[in-house]
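Below is one structure, written out as structure tokens; the observations come after it.
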Amino acid sequence: MNDWQVIWSHQVEGPVNDVEIDEHGALVASGQTLFSIRTDGSLHWRSDQIFDVYSIEIAGSSVAILTGTSIHVLDRHSGRPLSDGRSIPGGYREVLSRPGGGWVAADRGDHLHVFRPNGRGIRRLRVGSMRGLVGWLDREHLLMLDLDGALRCVRLHGEHAQRRIEDRRWMWCSSLERGRLLLLDVEGMLHEGVPNPFGWDELERISDGDVEPYRAVRCMDGWWTMDLEGRVRHALEENNIGFGDDTVDYLSSDGIGSILTATREGLLRWSIAPGVSGLRAEGRRSQQEEERRRLDWLQRSTMFESAQQAEDEGLWSRALELYRALGRDEDVRRILGLQEGSD
């Protein structure tokens, strides 16, 4: 496995409370400010809030943030507010985007709050205490991790119902990413699985207890984990190639070759997987070639208009010069004929 490459690093004023990335760049919650940073590391926009921003969730062209006791929805591309915010006593603990549009937020008690895409509330469900939201099996079935380590599926449609998908207990699990989970059992063994509302489509042990993840993201070459000490490493390979021994506090991936790490003090690093730099360079060359073609077309279009104007004004020599430069032999012969006729 080759090294990952850090393509930019950036220092923001801490404390950093959360980071998320997508194909457009990074969103960084730093104190009371949400920063949007482009993929090249330049600042795109910032949105200042009254209270600290402590959670970010991106869904296409929208982003939900938790700040103070409220949830707010912003435009992903400008930071413009799309909602007035919804506040509850005690605030929310975490928020997930919902397949097909909308959001679900867990409060600090035992309720889930369901929102429309614009942040307007729909309903509140009492589901009991939980350790955290895991992810969506589909639009109506949400997986969560109980306080005792069991995985529970909640159905939101109609009269909501819930059930544990199995009797096994887990010490830790990742978020559900592209239908897959990374889990740590009570014996310290690492597993990867594909859950369904009634159990598992597949479940496989992938390590023998040498990994103790605290966070995990799935990228193009599998799972990358961050342990309790903040070291980033691959879940299957015995290495931390490209990430070194530096410790971080946050980890986010776009799933297709980029990982952002952040320290609580505000040091951000954007890394790309081996081979992605070549793809990006090829993409840049393609864009440059397309731009050259566009400029060439604009230049030729301007020359053609100038040739037509010269022809209309009877400036035969100038028209001939421009038509020859454009390679328009038929127009050259036509102008020579006009020039001979005028003589």
Side-chain angles (χ1 to χ4, degrees), residues 3-58 63-72 74 76 79 91-95 108 131-132 172 174-175 177 182 211-219 223-235 239-255 257-273 276-277:
D3 282 1
W4 281 59
Q5 178 186 0
V6 177
I7 59 171
W8 59 261
S9 60
H10 192 65
Q11 180 71 46
V12 299
E13 292 185 10
V16 169
N17 298 319
D18 197 14
V19 298
E20 287 290 332
I21 70 172
D22 62 7
E23 68 273 20
H24 302 295
L27 292 179
V28 180
S30 177
Q32 299 173 0
T33 302
L34 180 67
F35 293 98
S36 174
I37 300 175
R38 298 183 180 91
T39 54
D40 63 2
S42 61
L43 180 64
H44 186 196
W45 53 260
R46 61 179 288 168
S47 175
D48 295 313
Q49 306 296 317
I50 298 175
F51 302 101
D52 282 359
V53 180
Y54 58 88
S55 185
I56 306 168
E57 175 76 355
I58 302 173
V63 55
I65 61 172
L66 302 182
T67 171
T69 60
S70 302
I71 179 172
H72 296 264
L74 310 177
R76 171 66 181 90
Y92 304 93
R93 183 170 53 186
E94 58 183 317
V95 58
R108 301 186 186 278
R131 195 184 302 178
W172 170 90
S174 71
S175 297
E177 299 202 17
L182 197 65
V211 179
E212 294 184 5
Y214 175 62
R215 301 180 191 270
V217 294
R218 187 170 175 79
C219 205
W223 291 95
W224 284 84
T225 66
M226 186 188 83
D227 63 21
L228 289 170
E229 296 180 356
R231 291 190 296 264
V232 178
R233 57 172 292 179
H234 196 274
N239 66 65
N240 55 3
I241 290 176
F243 294 96
D245 293 323
D246 295 335
T247 60
V248 299
D249 297 289
Y250 298 97
L251 181 70
S252 181
S253 170
D254 64 356
S258 298
I259 287 179
L260 179 71
T261 60
T263 65
R264 192 172 298 278
E265 291 74 24
L267 178 60
L268 312 174
R269 288 194 178 100
W270 186 291
S271 302
I272 57 175
V276 172
S277 57

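Residues take their numbers from the sequence shown, with the count starting at 1.
- Rounding to the nearest 0.5 angstrom, the gap separating the CD1 atom in Ile259 from the CD1 atom in Ile272 is 11.5 Å.
- Under a cut-off of 6.0 angstrom, the local environment of CD1 in Ile50 is sparse, with at most 12 non-hydrogen atoms contributed by other residues, nucleotides or ligands.
- In terms of modelled atom types and a separation under 3.5 Å, the side chain of Glu20 and the main chain of Ile58 share no donor-acceptor contact.
- The nearest pair of heavy atoms linking Ala262 to Val19 is CB-CG1, 3.9 Å.
- Of all heavy-atom pairs between Ala29 and Ile56, the closest is N-CD1, 3.6 Å.
- The closest side-chain heavy-atom distance from Ser271 to Trp224 is not below 4.5 Å.
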I'd like a table of donor-acceptor pairs (distance under 3.5 Å, sequence neighbours excluded) in which one partner is a side-chain atom from residues 6-16, with atom names and distances.
unit_1, atom_1, unit_2, atom_2, d
Trp8, NE1, Thr39, O, 2.8
Gln11, NE2, Glu265, O, 2.9

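- Panel note: side chain Trp172, backbone Tyr214; a donor-acceptor pair is recorded below 3.5 Å.
- Using a 4.5 Å heavy-atom threshold, the side chains of Arg264 and Tyr250 count as touching.
- The SG atom of Cys219 sits 6.0 Å away from atom CG of Asp254, with the distance rounded to the nearest 0.5 Å.
- If you take CG on Leu27 and CD1 on Ile21, they are separated by 10.0 Å, rounding to the nearest 0.5 Å.
- Applying the side-chain hydrogen bond (donor to acceptor under 3.5 Å, both in side chains) definition to pairs two or more places apart or across chains, those involving residues 22-34 are Asp22-Arg76, Thr33-Arg46, Thr33-Asp48.
- Taken to the nearest 0.5 Å, the CG atom of Leu268 stands 9.5 Å off from the CZ atom of Phe35.
- Of all the heavy atoms in Glu177 and Val217, the pair that sits closest is OE2-CA, 3.7 Å.
- Annotation for Gly79 and Trp45: closest pair N-CE2, 3.4 Å, computed over non-hydrogen atoms.
- Residues that satisfy the salt bridge (charged side-chain N to carboxylate O under 4.0 Å, His left out) test with Asp246, not counting sequence neighbours, are Arg269.
- Smallest separation of non-hydrogen atoms from Val248 and Thr261: CG1-CB, 3.8 Å.
- Looking at Ser36, its side chain never comes within 3.5 Å of a backbone N or O of His44 through a donor-acceptor pair.
- Between the side chain of Asn17 and the main chain of Val53, a donor-acceptor pair closer than 3.5 Å is present.
- Using modelled atom types, one side-chain atom of Ser174 and one backbone atom of Leu182 make a donor-acceptor pair closer than 3.5 Å.
- Looking at Thr67, Ile71, Asp18, Ile65 one by one, the single match for side-chain contact (heavy atoms from CB on, under 4.5 Å) with Ser55 turns out to be Asp18.
- With hydrogens and angles ignored, the 3.5 Å screen pairs a side-chain donor or acceptor of Arg215 with a backbone N or O of Asp249.
- A donor-acceptor contact shorter than 3.5 Å is absent between the side chain of Asp52 and the backbone of Tyr54.
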